[in-house]
Amino acid sequence: MRIIRTIQEMRAETEARRRAGETVGMVPTMGFFHEGHLSLMRRARAECGMVVVSLFVNPTQFGPGEDLAAYPKDFERDCALAAAEGVDAMFAPEAGEMYAGDHATFVNVERLTGNLCGASRPVHFRGVATVVAKLFNACRPQRAYFGLKDYQQVRVIETMIRDLNFDIELVRCPIVREPDGVAMSSRNSYLSAEERRAATILRRSLVAAGKRIKEGARDGAAIARELREAIETEPLARVDYAEVVDAESLAPLGRIHGAALLAVAVRIGRARLIDNLVVET
Ligand code: PAF
């Protein structure tokens, strides 16, 4: 596996492979790999001639007071894990390679970014869309693999791809969970043993709310309230949001119909954990 630090080198590498007729698949990451990341790499490996993983902890998607400085890192381990999955190239630029000192251009996907995580992290999706556009320009993939744990991120990037005419297919990949149901996340490493046990409340509450919808409940606000109350039965959990929205527009659903997204963000200890469930009616 090649480790590539510059945009120029990265472009040269993928251009050569594209000219040779290969499909380039990309997995954008911020590193500290877990099984969720590895499942994206495996899928890309199975479907593409060349697999590029980007590893860049993007400063513009962290707000003041968030965990940019503390974000977990283990570059050597990440390289070994990616190489073992058959990844061809790891694009790991320094911040100065990605952002000029007087960087002035941002990508803002409107409408999809005001609620859910966008409400408590106002600059987050602007930073995500900007860096993903820049990573696409550096790596020039035909396919990009994203995990559905970050459901809102997936909708934001799908919309950016469409609106900015990127010739890239976003491949949605399922959430990977621990045996007890907790969604895999680099931020799970912030949890103590007791907090890690408490984190099971997210999935349990989502499944219970999903069951209520499957049984015929259709009042979105009532289900959102039940979801919040179920999470609040866990004393270590502080709910940031618990919402029921349309799975495509992410607009709140008064009356549940079509595909509903049940989405939660919960603080447990130092970690802010997110999870979701799509329920078809
Ligand atoms: O999901 C992530 O790890 C990040 O938001 C991404 C897509 C790599 C952009 O920095």
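Counting starts at 1 for both ligands and their atoms, following the listed order.
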Counting each atom of ligand 1 from 1 as listed, which ones have a heavy atom of V131 under 4.0 Å away?
9 (C), 10 (O)
closest protein heavy atom to atom 1 (O) of ligand 1 is Q153 NE2, 2.8 Å
So the side-chain hydrogen bond (donor to acceptor under 3.5 Å, both in side chains) pairs with at least one residue in residues 220-229 (sequence neighbours excluded) are R212-E226
Under a 4.0 Å N-O cut-off, is there an ion pair linking E15 with R140?
yes
Measure the distance from atom 9 (C) of ligand 1 to every protein heavy atom, then report the residue, atom name and distance (to 0.1 Å) of the closest one.
Q61 OE1, 3.3 Å
Heavy-atom nearest neighbour of atom 8 (C) of ligand 1 within options T29, D150, V156:
T29
Part of L135 with heavy atoms under 4.0 Å of ligand 1, whether side chain, backbone, both or neither:
neither
Worked verdict on H103 versus T130 for side-chain contact (heavy atoms from CB on, under 4.5 Å)
CA-CA 11 Å; H103 175 92; T130 301; 4.1 Å; yes
Anything under 30° is parallel, anything over 60° is perpendicular, the rest tilted; go ahead and classify F146 against F136.
perpendicular
Presence of salt bridge, D275 and R203, under 4.0 angstrom
no
